[in-house]
Protein chains: 2
Amino acid sequence: MSKPAFSAVSKESLSDSVYRQLADKILRGELPAGEPLPAERELSETLGVNRGAVREAIKRLQQARLVAVRQGGNSVVLDYRAEGGLELLPSLLVNGQGQLDTAVVRSIMAMRSALAPDIAAAAVKGGAALADELDALLAPMRRDGDLRVLQDQALAFWHKLVERGGNIAFRLAFNSMTRTYTQVWDALRLVLQAEFRDLDNLGAIAAAVRRGDAEAARRHGRLHVEIGRGALEQALDAMEGRQRLQ
Amino acid sequence: MSKPAFSAVSKESLSDSVYRQLADKILRGELPAGEPLPAERELSETLGVNRGAVREAIKRLQQARLVAVRQGGNSVVLDYRAEGGLELLPSLLVNGQGQLDTAVVRSIMAMRSALAPDIAAAAVKGGAALADELDALLAPMRRDGDLRVLQDQALAFWHKLVERGGNIAFRLAFNSMTRTYTQVWDALRLVLQAEFRDLDNLGAIAAAVRRGDAEAARRHGRLHVEIGRGALEQALDAMEGRQRLQ
DNA sequence: CACCCTCAACTGGTATGATAAGTTGACCAC
DNA sequence: GTGGTCAACTTATCATACCAGTTGAGGGTG
């Protein structure tokens with residue numbers, strides 16, 4: 001997760017680029033709900049791409065429920081707040097200029113706090129086998145104080161919990177949320193460091209999993225993520241305070 | 001929601017049909033992760049549609065993270081459990097033959113239980129204005145015992161809570177989940193009737209919103225949805241027990 | 001005037017066929 | 001074995017049709 005030695009070279013296709021541009025305009029409010037989209041032929045001309053590429057992009061906008069399409073009439077922009085699914089979250093976190101939306105950050109942390117306890121509780125069905133694997137993940141965290149390691153292992157810890165919990169809704173939501181905050185993975189490292197260093201609650205979760213104690217797992221799960229939530233809340237307050245002073 | 005007098009005639013486009021077929025095969029495990037997809041030209045020939053329709057469908061599969069595409073090589077199926085977002089939930093609830101997956105049902109109910117209390121708690125910021133609107137939604141429920149009315153108004157009640165809570169993550173997740181269980185809206189009516197008739201907790205939430213009492217809202221939110229969860233759990237146990245006897 | 005019909009000029013939906021660009025695996029030279 | 005070559009794949013993009021549904025302006029009709 002942190003500091004990959006190499007990363008895949010990005011080769012964005014034309015339709016990807018068109019999709020990104022249009023989705024950005026919609027999510028930033030530049031194209032408000034109800035507004036008709038330019039015609040496909042017009043878009044393909046102004047963007048200098050083939051109509052097929054535009055159509056592929058619009059199909060994706062349709063799937064994300066950002067626009068409604070019907071033959072004969074222009075496609076129209078929908079209200080993503082009312083129609084969109086959780087998969088939009090990553091695109092909402094950082095707006096076009098790369099600034100992150102603090103309201104979205106708070107939202108994510110609130111959702112994380114709501115889900116984490118139940119994710120931990122659901123994982124107790126994994127029993128001793130899961131507990132062993134969780135302890136194995138904790139080992140390098142105890143040995144090595146490197147924040148990067150702590151952060152990566154903590155994510156792996158929760159990933160395993162949600163993977164073994166057998167709750168597909170939790171898992172899919174976890175995927176969407178993970179994709180959201182890995183965008184700001186580096187920035188989170190320092191802000192959430194108190195949580196990453198909280199090995200006690202993670203260890204307590206592993207122990208609770210081992211003895212099948214769902215309530216203890218839930219309790220320690222809540223305690224653990226609330227550490228990060230509090231820290232982030234403080235950081236955001238400070239950030240917004242500074243902005244107001246400017 | 002319930003019993004619309006008329007509903008829009010379905011006009012599925014070719015690419016929609018192709019997408020649905022492929023997504024179904026993947027979600028049902030017929031095309032396991034790692035398996036290469038047939039070539040676009042081959043698919044377009046076997047399905048009897050032009051290649052553009054196939055490409056639009058595959059772009060959507062790519063967006064849903066059901067497949068990975070790269071120029072020059074075949075597209076390959078991904079593990080949706082590890083990659084997919086919450087927007088897949090509706091497609092997972094009912095498998096190809098229209099049978100519903102009880103594990104998915106349980107997952108959804110667990111997620112609902114995890115989110116509902118915090119949704120109620122977040123809504124208290126709406127204050128008296130929101131409380132008035134909530135009471136207005138409860139009025140027809142108290143007047144009219146019709147289960148259909150109760151069900152629709154209860155959904156509207158939660159919709160308003162999540163809409164006013166100002167938490168975009170909650171809202172998008174709520175959208176995904178709503179789309180999931182409106183698929184079995186009629187079947188849920190009887191199973192969850194005890195919850196729909198529980199106006200006491202809904203009224204208590206409205207009252208808590210009015211006086212800004214987040215903890216009370218959270219508590220009554222939890223109590224309310226646990227009624228439905230328990231009822232559904234019983235129904236599923238009975239159903240699965242019957243299946244085992246067959 | 002109000003109503004309704006017609007129709008041209010839009011819109012998206014589908015089809016065909018060509019070319020560019022990247023991947024794969026067999027083959028060969030060293 | 002290592003590395004290069006190349007033919008036969010694949011997806012990516014393009015151009016150009018034509019089909020099908022929507023819309024709004026115009027003109028009739030009562």
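To find a chain, count down the sequence lines: A is the first, B the second, and so on, and within it residues start at 1. As the structure is a prediction and not an experimental result, all values here were calculated from the model.
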Within this structure, what is the [atom1]-to-[atom2] distance between [X] and [N], rounded to whole angstrom?
| X | N | atom1 | atom2 | answer |
| --- | --- | --- | --- | --- |
| Asp16(B) | dG12(C) | CG | C1' | 13 Å |
| Glu12(A) | dG22(C) | CD | P | 15 Å |
| Glu40(A) | dC19(D) | CD | P | 18 Å |
| Asn74(A) | dT22(D) | CG | C1' | 10 Å |
| Arg41(A) | dT16(D) | CZ | P | 13 Å |

Is the shortest side-chain N to carboxylate O distance from [X] to [Y] below 4.0 Å?
| X | Y | answer |
| --- | --- | --- |
| Arg112(B) | Glu195(B) | yes |
| Arg164(A) | Glu133(A) | yes |
| Arg20(B) | Glu12(B) | yes |

**Asked** Does NZ belonging to Lys25(B) count more than 12 external heavy atoms closer than 6.0 Å?
**Response** no
**Asked** Under 3.5 Å, is there a donor-acceptor pair between the side chain of Ser107(B) and the main chain of Ile168(A)?
**Response** yes
**Message:** Pick the closest DNA chain D nucleotide for Ser15(A) and for Gly72(A) by heavy atoms, then say which residue is nearer the 5' end.
**Reply:** Ser15(A)
**Asked** Is there side-chain contact between Phe170(B) and Met111(A), with at least one heavy-atom pair below 4.5 Å?
**Response** yes
**Request:** Among the candidates dT13(D), dT11(C), dT14(C), find the nucleotide nearest to the side-chain atoms of Ser13(A).
**Result:** dT13(D)
**Prompt:** Of all the nucleotides listed (dT11(C), dT14(C), dA20(C)), which has the minimum atom distance to the side chain of Gln71(B)?
**Reply:**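 Among the listed nucleotides, the one closest to the side chain of Gln71(B) is dA20(C).
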**Asked** For residues 44-57 of chain B, which residues have at least one heavy atom under 4.0 Å from DNA chain C?
**Response**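 Of all residues in residues 44-57 of chain B, the ones placing a heavy atom under 4.0 Å from DNA chain C are Val49(B), Asn50(B), Arg51(B).
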